[in-house]
Amino acid sequence: MWLYLAVLVGLYYLVCWHRERQVVSHLRDKYVFITGCDSGFGNLLARQLDMRGMRVLAACLTEKAAEQLRAQTSDRLETVTLDVTKLESISAAAQWVKERLGDRGLWGLVNNAGITLAWAPNQCLTKRDFVTILDVNLLGVIEVTLSLLSLVRKARGRVVNVSSIGGRVSIIGGGDSISKYGIEAFSDSLRRELAPFGVKVAIIEPSFFKTNMTNPERVLLQVQEVWDRAPREIKEIYGEKCLASYVKLLSEHILPKCNENLSEVMDYMEHALTACHPRTRYSAGWDAKLLYLPMSYMPTFLVDAIVTWGLPRPAKAL
C-alpha cells in the first residue's frame, strides 16, 4: 500500500513539474507593463524581461530613474512616469500604454510599486501613516489594475500582484500588513472574476529581501521619527529602554539577515508571466516557505507566541 502511495505522490509531482516547465509561445511579441521600476524588484524584472526579448513598458516615479533604466536596457524597453496615488497620472499612463499597444492586448500587468513606513506599534502611529501606505500599496494597485484590465482581458493575459509574507502573517503594527492582506483579498476575488475570460492572476509573496525598503539606515530613521512625534503618554508606556532594545533587534538581528538573492523573486515573477500554467501564489525566500507560510496555518495562540517571543517588553507591561 505504501509503495502505491509513494508512486502516486511521485507521479503527482512529476505532472506538476512538467506543467510548470511549459512556456507560453511568441513571448517576443508580448507586452508587459510594470509599476515601480525605479529600483528593487521592478527595476530588476524590467531588465530581466528585456534581456529575454519581451516588450517591456516600465513605469517609474521619477524621470531620472526612467532615464537610468533606459540606459541599461535595449530599445525595446519604453518608460513612463507614474504616481499611483494620483488618478490623473494613472489615466495618462493608461493612455500611453494603449498608444503603444495599438490593436493588441496587454499580456502582463505587474503591480510592483509600493512603499513601507516605520515598523512600529499601532499606538505610535496616526491615521495619516495608515492612509499614506494604503494609498500606494493597495488603492494604487486597484486603480492601476482597473485602468488596464480591459487590455489584459483582450490579450487573455496575466495580472501579477506583489504582496509579501506580511499578507500571510501580521508581524507588527502599521499599514504594511494591512495593505498586503488587502492585496491578497483583491487578487483572490480578481482571479475568480477573470478566470472565465482566460486571464490568470498570481501573487508574489516575498519574505525579507535586501532592497531599499529594508535599508537599515532608512528603517531606523523612520523608527526614530515615529518615536520623536509619539505622544508623551505612549513614550511613558513603552520607555526608552524598550525603544533601544527594538532598535538593536532590527539593526543586529533582522535587517542584516535580509535575503540578498533577489533573483529568486525575479524568477518567480517571470514564471508567473511566461509559464502556461502559473501558480496562484509564489512564496519567495526560505523563511517564507519554512516559517511564515506554515505559521499562517497554525492556531492563533501559537502564532501569537512565536511572533511576540523575543520582542522587547514595554516598560509598563503587566
Can you tell whether the side chains of [X] and [Y] come within less than 4.0 Å, N to carboxylate O?
| X | Y | value |
| --- | --- | --- |
| E236 | K241 | no |
| R70 | E63 | yes |
| R55 | D29 | no |
| K180 | E184 | no |
| D129 | R229 | yes |
| R281 | D188 | yes |

Any side-chain heavy-atom pair from [X] and [Y] closer than 4.5 angstrom?
| X | Y | answer |
| --- | --- | --- |
| L106 | L101 | yes |
| T81 | T62 | no |
| L49 | E270 | yes |
| L194 | V201 | yes |
| V307 | M295 | yes |
| Y181 | R168 | no |
| I115 | T132 | yes |
| V265 | V162 | no |

Could you pull out the closest heavy-atom pair between [X] and [Y], with the gap in Å?
| X | Y | result |
| --- | --- | --- |
| G108 | L273 | CA-CD2, 3.9 Å |
| L134 | G175 | CD2-O, 4.2 Å |
| A113 | V84 | CB-CG1, 4.3 Å |
| A288 | I165 | CB-CG2, 3.5 Å |
| S283 | E205 | OG-OE1, 3.4 Å |
| L220 | S251 | CD1-CB, 3.8 Å |

Do [X] and [Y] sit in one hydrophobic cluster, given that two such residues count as connected whenever their side-chain heavy atoms are within less than 4.5 Å of each other, even indirectly?
| X | Y | result |
| --- | --- | --- |
| M269 | V24 | yes |
| F41 | V160 | yes |
| V226 | V223 | no |
| L221 | L117 | no |
| L82 | L44 | no |

Strictly distance-based, threshold 3.5 Å: is any side-chain N or O of [X] a donor or acceptor partner for the main-chain N or O of [Y]?
| X | Y | result |
| --- | --- | --- |
| K154 | W107 | no |
| N43 | C37 | yes |
| S177 | G166 | yes |
| T214 | T211 | yes |
| R47 | L69 | no |

[Y] versus [X], side-chain donor and acceptor atoms under 3.5 Å:
| X | Y | value |
| --- | --- | --- |
| S207 | N259 | no |
| S187 | N161 | yes |
| S74 | D50 | yes |

To the nearest 0.5 Å, how far apart are [atom1] in [X] and [atom2] in [Y]?
| X | Y | atom1 | atom2 | result |
| --- | --- | --- | --- | --- |
| T79 | L77 | OG1 | CG | 7.0 Å |
| Y246 | W119 | OH | CH2 | 7.0 Å |
| D83 | T35 | CG | OG1 | 11.5 Å |
| K30 | T274 | NZ | OG1 | 11.0 Å |
| N122 | S170 | CG | OG | 7.5 Å |
| L249 | S245 | CG | OG | 8.5 Å |

Does [X], at its [atom1] atom, have more than 12 non-hydrogen atoms belonging to other residues, nucleotides or ligands within less than 6.0 Å?
| X | atom1 | answer |
| --- | --- | --- |
| R156 | CZ | no |
| E217 | CD | no |
| M298 | CE | yes |
| H26 | NE2 | no |
| K289 | NZ | yes |
| R100 | CZ | yes |
| D75 | CG | no |

With W96 via ring pair (Phe, Tyr, Trp, His ring centres under 6.0 Å) - residues at least two apart: none

Matching residue for F186 among N111, I203, T145 - test: side chain to side chain contact (heavy atoms under 4.5 Å, CB included): T145

So which of L262, D267, V110, V56 actually passes side chain to side chain contact (heavy atoms under 4.5 Å, CB included) with L45? V110

Kindly determine whether Y31 and R104 satisfy side chain to side chain donor-acceptor pair (under 3.5 Å), including the steps that lead there. CA-CA 9 Å; Y31 283 76; R104 293 178 292 264; 3.2 Å; yes

Show your working on side-chain contact (heavy atoms from CB on, under 4.5 Å) between N212 and R218 and close with a plain yes or no. CA-CA 8 Å; N212 184 50; R218 178 175 178 271; 4.1 Å; yes

May I have the step-by-step check of side-chain contact (heavy atoms from CB on, under 4.5 Å) for V32 and L57, ending in yes or no? CA-CA 6 Å; V32 177; L57 304 176; over 6 Å; no

Which other residues belong to the hydrophobic cluster containing L87, where Ile, Leu, Val, Met, Phe, Trp and Tyr are joined when side-chain heavy atoms lie under 4.5 Å apart, directly or via other members? none

side-chain contact (heavy atoms from CB on, under 4.5 Å) between W227 and K235: does it pass, once the steps are laid out? CA-CA 7 Å; W227 177 260; K235 290 182 178 180; 3.8 Å; yes

Give me the ring orientation class for Y282 and Y268: parallel if the planes are under 30° apart, tilted from 30 to 60°, perpendicular past 60°. tilted

side-chain contact (heavy atoms from CB on, under 4.5 Å) evaluation trace for V144 with L109: CA-CA 9 Å; V144 169; L109 167 59; 4.1 Å; yes

